[in-house]
Chemist: 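Encoded as structure tokens, here's the structure I'll be asking about.
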Number of protein chains: 2
Amino acid sequence: MNENNEQIARFAKALGHPTRIAILRFLANRTTCYFGDIFDELPIAKATVSQHLKELKDAGLIQGEIEAPKVKYCINRENWNVAKSLFAEFFDDCACKKGGCCK
Amino acid sequence: MNENNEQIARFAKALGHPTRIAILRFLANRTTCYFGDIFDELPIAKATVSQHLKELKDAGLIQGEIEAPKVKYCINRENWNVAKSLFAEFFDDCACKKGGCCK
DNA sequence: AATATTGTTCGCAAATATACGAACAATATT
DNA sequence: AATATTGTTCGTATATTTGCGAACAATATT
């Protein structure tokens, strides 16, 4: 339970920035997802883009693959589904059940 | 779209700490949700608990009601459902559609 | 071999987040 | 009226996050 809390928080934290949400949406709707494609779409420095990608990767939500000299990024489907399930369960669990404190 | 990204990020950021996840789970499973009940459950100072509650409140996920001298906290059902929908839609939208960049 | 392309990493600055004790505010109780 | 109970707010310290330019690394191209 505590484990789950930490895992959800970790995912949520990675999702907690508009740029990172935008990156994920972008990754889902393109056939080519090289760094350059992502960078072109965003109004920020490439160092910053790289940093956001690193955070998403550290959280396990995406993965990178080198296709020298480019780098191709993808959503990590396995972990994505884990996150999806955790959030779905969480939003249901906390939905003010009968006997809960909500009016 | 950009609007949605910011709203999701705002919710996600609020969910991005284990203590706040724990608080929300607690709120969902108790009939009495006074500050003291929450504080008793957590291994941190009351000033810190109060701060986390404030963040959840600012994000719109919970609401507080004064029952002097106590304060009763509840999940904000309306916004909770908004968040639930946004996340569900987001996790579906980004789920590596055909033609996307995932293998 | 020299140069160009593509991203990452480093070092820095500024802003936010986290956590705490102490002081405070507001009502309840004696 | 004095005191106790319940939480919030303030001030502070530390850590993390965000963002950038510049330097760097690795392969591709000439």
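Here is how names work: the chains are called A, B, and so on, in the same order as the sequence lines, proteins then strands, and each is numbered from 1.
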Chemist: With a 4.0 Å cut-off on heavy atoms, is I44(A) in touch with a base, just the backbone sugar-phosphate, or nothing at all?
Modeler: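 Sugar-phosphate, backbone atoms only, no base.
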Chemist: Once you apply a heavy-atom cut-off of 4.0 Å, does F39(B) come out as touching a base, just sugar-phosphate, or nothing?
Modeler: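 No contact at all - F39(B) keeps every heavy atom at 4.0 Å or more from the nucleic acid.
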Chemist: Using purine N1 to pyrimidine N3 plus N6-O4 or O6-N4 for Watson-Crick, or N1-O2 and O6-N3 for G-U wobble, each under 3.5 Å, what pairs with dT29(C)?
Modeler: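 Base-paired to dA2(D).
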Chemist: Looking only at side-chain atoms of K54(A), point me to the closest of dT9(C), dT5(D), dT9(D).
Modeler: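 So the nucleotide nearest the side chain must be dT9(C).
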Chemist: May I ask you to decide if the ring planes of F87(A) and F87(B) are parallel, tilted or perpendicular, using 30° and 60° as cut-offs?
Modeler: parallel
Chemist: Which one, dG21(C), dT8(D), dC20(D), comes nearest to the side chain of A45(A)?
Modeler: dC20(D)
Chemist: So, does Y34(B) get its side chain near the phosphate of dT5(D), meaning an N or O under 4.0 Å from OP1 or OP2?
Modeler: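 No, outside the criterion.
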Chemist: Between H52(A) and dT17(D), does any side-chain N or O lie under 4.0 Å from OP1 or OP2?
Modeler: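 Result: no.
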Chemist: Ignoring hydrogens and angles, answer whether the base of dA19(C) and the side-chain atoms of Q51(B) contain a donor-acceptor pair closer than 3.5 Å.
Modeler: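 Side chain to base: pair found, below 3.5 Å.
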Chemist: Report the nucleotide, chosen from dG7(C), dT8(D), dT18(C), that has the shortest atom-to-atom distance to any side-chain atom of H17(B).
Modeler: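 Of the candidates, dT18(C) comes closest.
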Chemist: Between D37(B) and Y34(B), is there a donor-acceptor pair closer than 3.5 Å when you use the side chain of the first and the backbone of the second?
Modeler: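 Checking the backbone N and O of Y34(B) against the side chain of D37(B), a donor-acceptor pair under 3.5 Å is found.
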Chemist: I need the OH-P distance between Y73(B) and dG7(D), as an integer number of Å.
Modeler: 9 Å
Chemist: Counting the atoms with a prime plus P, OP1 and OP2 as sugar-phosphate, which does K13(B) contact under 4.0 Å by heavy atoms, base, sugar-phosphate, or nothing?
Modeler: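 Counting heavy atoms under 4.0 Å across all strands, the contact made by K13(B) is with sugar-phosphate only.
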Chemist: What nucleic acid atoms does K46(B) come within less than 4.0 Å of, heavy atoms only: base, sugar-phosphate, or nothing?
Modeler: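 Base contact - K46(B) has a heavy atom under 4.0 Å of at least one base atom.
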Chemist: Here's a test of your reading of the structure: between P69(B) and T48(B), which maps to the more 5' nucleotide of DNA chain C?
Modeler: T48(B)
Chemist: If the condition is side-chain contact (heavy atoms from CB on, under 4.5 Å), which residues does S50(A) pass it with, not counting sequence neighbours?
Modeler: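 By the side-chain contact (heavy atoms from CB on, under 4.5 Å) rule, S50(A) matches F35(A).
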Chemist: Report the nucleotide, chosen from dT9(C), dG7(D), dT27(D), that has the shortest atom-to-atom distance to any side-chain atom of A68(A).
Modeler: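 Within the option list, the nearest is dT27(D).
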Chemist: Could you grab the distance from atom CD of Q63(A) to atom CD of E78(A), nearest 0.5 Å is fine?
Modeler: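 One gets 9.0 Å once the value is rounded to the nearest 0.5 Å.
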Chemist: Which nucleotide in the set dA28(C), dA22(C), dG7(C) lies at the smallest distance from any side-chain heavy atom of A47(B)?
Modeler: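 Of the candidates, dA22(C) comes closest.
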